[in-house]
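The model shown is predicted, which means the values in this text are computed figures rather than measured ones. Numbered from 1 within each chain, the chains take letters A, B, ... in sequence-line order.
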There are 2 protein chains.
Amino acid sequence: MPDNDGMTAARPTTPTTPSTPATPSTPADRPPLGLRERKKIKTREAIRAATYALVEEQGYDATTIEQIADRAEVSPSTVFRYFPTKEDIVLTDEYDPILLEELRARPADEPWPDSIRHVMREAVRTGIEEDLAVAKLRTHLMVQVPAVRSRMMESMSVTGRMLCTAIGERTGRDPNSLEVRVYAMSLIGGLMETSLYWAENDHQDDFANLVDRTLTTIQHGLPKETS
Amino acid sequence: MPDNDGMTAARPTTPTTPSTPATPSTPADRPPLGLRERKKIKTREAIRAATYALVEEQGYDATTIEQIADRAEVSPSTVFRYFPTKEDIVLTDEYDPILLEELRARPADEPWPDSIRHVMREAVRTGIEEDLAVAKLRTHLMVQVPAVRSRMMESMSVTGRMLCTAIGERTGRDPNSLEVRVYAMSLIGGLMETSLYWAENDHQDDFANLVDRTLTTIQHGLPKETS
DNA sequence: CATGAAATGAGAGTAGCTGTCAAAATCTAG
DNA sequence: CTAGATTTTGACAGCTACTCTCATTTCATG
């Protein structure tokens with residue numbers, strides 16, 4: 001089988017900066033952060049901001065890398081140096097580490113489904129509240145642009161793998177067993193659909209509530225009848 | 001919101017030929033099929049065959065559309081006329097209609113989880129037995145090539161929508177309700193992972209058996225402790 | 001300030017994919 | 001069987017995401 005080419009970038013999950021809170025406001029309160037690092041962060045955010053703006057103005061496909069580079073005042077090469085693909089510019093999930101951390105913090109004697117419920121709700125809440133507008137735009141793009149949706153699914157499968165190891169740690173089960181992997185991916189699949197549902201209904205519902213209903217459904221199967 | 005561009009092809013699920021069994025063996029047993037139609041089918045299959053062969057020789061990414069066109073003895077334009085994307089050449093699922101039909105054929109009084117189990121197993125069996133080698137190559141590519149995996153996930157989300165309507169018909173529930181959609185997608189997600197698991201373990205397990213375990217896991221949650 | 005390392009920009013090149021247009025093949029009438 | 005309408009095809013041009021290389025600039029450090 002002569003294959004194993006074609007890997008498209010492995011995504012380091014926490015790309016470059018280890019501990020950087022979302023506030024680049026005061027640029028002089030973190031001594032151990034060189035000028036270079038700060039510039040890199042600023043560039044990264046400039047690219048993302050430019051992308052968000054352009055996408056909202058023109059739509060996703062109509063926005064080219066060149067335009068993004070122009071508005072962010074960098075060269076196109078630099079854009080690709082910061083993000084492996086165009087889709088990654090609008091996605092870039094920082095949820096995985098949150099989720100893992102949250103899951104490890106749960107009391108060891110808590111029933112497993114309860115842990116999942118807590119953790120999912122918490123991760124989702126933090127992720128959403130951080131920037132509601134961005135979350136809405138992201139989910140909106142997931143619905144509208146197939147490429148973005150695909151990329152999101154890819155990323156969720158990564159999250160799935162992480163969930164597997166977490167479940168393994170938590171329950172002492174083999175993280176690579178079929179059962180664990182299937183369980184994790186069915187959760188992920190369900191939550192994915194929840195995001196789509198939220199966006200398709202123009203973000204009218206309370207997302208945390210939707211997540212709750214999702215977990216109940218997965219846990220107990222389809223309820224008797226609720227239309 | 002100026003978006004709604006960027007749709008990448010909607011896939012008609014049953015592309016061009018309405019009733020063509022998988023046997024192109026005797027090319028003279030179907031009178032109401034014009035020469036034109038027959039040639040189209042032959043071209044389609046030539047492209048797919050060429051792609052399978054080249055991918056097995058060189059790997060997916062190393063295989064260009066031009067090479068495929070050359071070996072299939074058509075022009076590159078023609079390749080794109082038959083398949084919207086390169087990934088679609090190796091995927092092209094005919095599973096959806098089978099699944100839907102199978103689901104409608106179940107007795108109306110059968111408990112819902114049993115129906116799912118039957119149908120999934122049947123659909124999987126038919127799909128696999130039709131050409132085991134192709135099924136193996138596909139799942140192998142799913143593991144190796146991110147682009148193919150993404151495309152497969154896309155297609156599974158289509159299958160998910162169809163599952164929703166089937167569930168709606170079957171249970172009288174709203175096919176667009178969060179609960180139904182989540183239930184469907186968790187099933188799909190689980191089965192997706194099952195395919196990956198199968199391929200990652202070099203197709204050693206019996207796939208039908210894996211599917212069985214998968215459905216049990218989704219239905220009852222993680223079992224106490226196995227493995 | 002000088003030296004080394006890292007980030008950047010410029011440019012060329014690949015390949016997937018879209019569109020157009022004229023030529024070739026197929027179907028349909030007379 | 002021929003003529004015309006229709007469909008399929010191939011050649012070509014063009015766009016853009018993405019990769020790679022190399023010279024230049026920018027920062028870090030002694």
d(CZ, R44(B); C1', dT9(D)) in whole Å: 16 Å
Touch class at under 4.0 angstrom, heavy-atom based, for Y82(B) against every strand present: sugar-phosphate
Value in whole Å for how far the C1' atom of dG16(C) lies from CD1 of I68(B): 11 Å
Distance-only donor-acceptor test (3.5 Å): side chain T64(B), base dA15(C): no
Electrostatic pair E154(A):R149(A) at N-O distance under 4.0 angstrom: no
Electrostatic pair R181(B):E200(A) at N-O distance under 4.0 angstrom: yes
Flag if over 12 foreign heavy atoms under 6.0 Å of CD, E169(B): yes
DNA chain C: 5'-proximal contact among S77(B) and E73(A) (nearest heavy atom): E73(A)
Atom pair distance, as rounded to whole Å: CD in E37(B) and P in dA25(C): 18 Å
Spacing between I47(A) atom CD1 and dA7(C) atom P, to the nearest angstrom: 13 Å
T85(A) side-chain N/O to D88(A) backbone N/O, donor-acceptor pair under 3.5 Å: yes
Any T43(B) side-chain nitrogen or oxygen under 4.0 Å from OP1 or OP2 of dT9(D): yes
Closest listed nucleotide, where the reference is the side chain of F80(B) and the choices are dG16(C), dC18(D), dG11(C): dG16(C)
Donor-acceptor pair under 3.5 Å, S75(B) side chain vs dA11(D) base: no
Sugar-phosphate, base or nothing in reach of T78(B), heavy atoms under 4.0 Å: sugar-phosphate
Residue I65(B), side-chain atoms from C-beta onward, closest of dG16(C), dG9(C), dG10(D): dG16(C)
Contact under 4.0 Å: K86(B) side-chain N or O vs dC17(C) OP1/OP2: no
Rounded interatomic separation in angstrom, taking CZ from R38(A) and P from dC27(D): 10 Å
Short N-O contact, R71(B) and E57(B), less than 4.0 angstrom: yes
Integer-rounded Å distance: dA15(C) P and D70(B) CG: 13 Å
Spacing between R151(B) atom CZ and dG16(C) atom P, to the nearest angstrom: 16 Å
D202(A) backbone acceptor or donor facing K136(A) side chain under 3.5 Å: no
Enumerate all atom pairs, one protein N or O and one N or O from nucleotides 23-26 of chain D, separated by less than 3.5 Å.
from, atom 1, to, atom 2, distance (Å)
dT26(D), O2, R36(A), NH2, 3.0

Whether W198(A) and H203(A) hold their rings parallel, tilted or perpendicular, with breakpoints at 30° and 60°: perpendicular
For atom CZ of R81(A) and atom C1' of dA10(C), their distance in whole Å: 10 Å
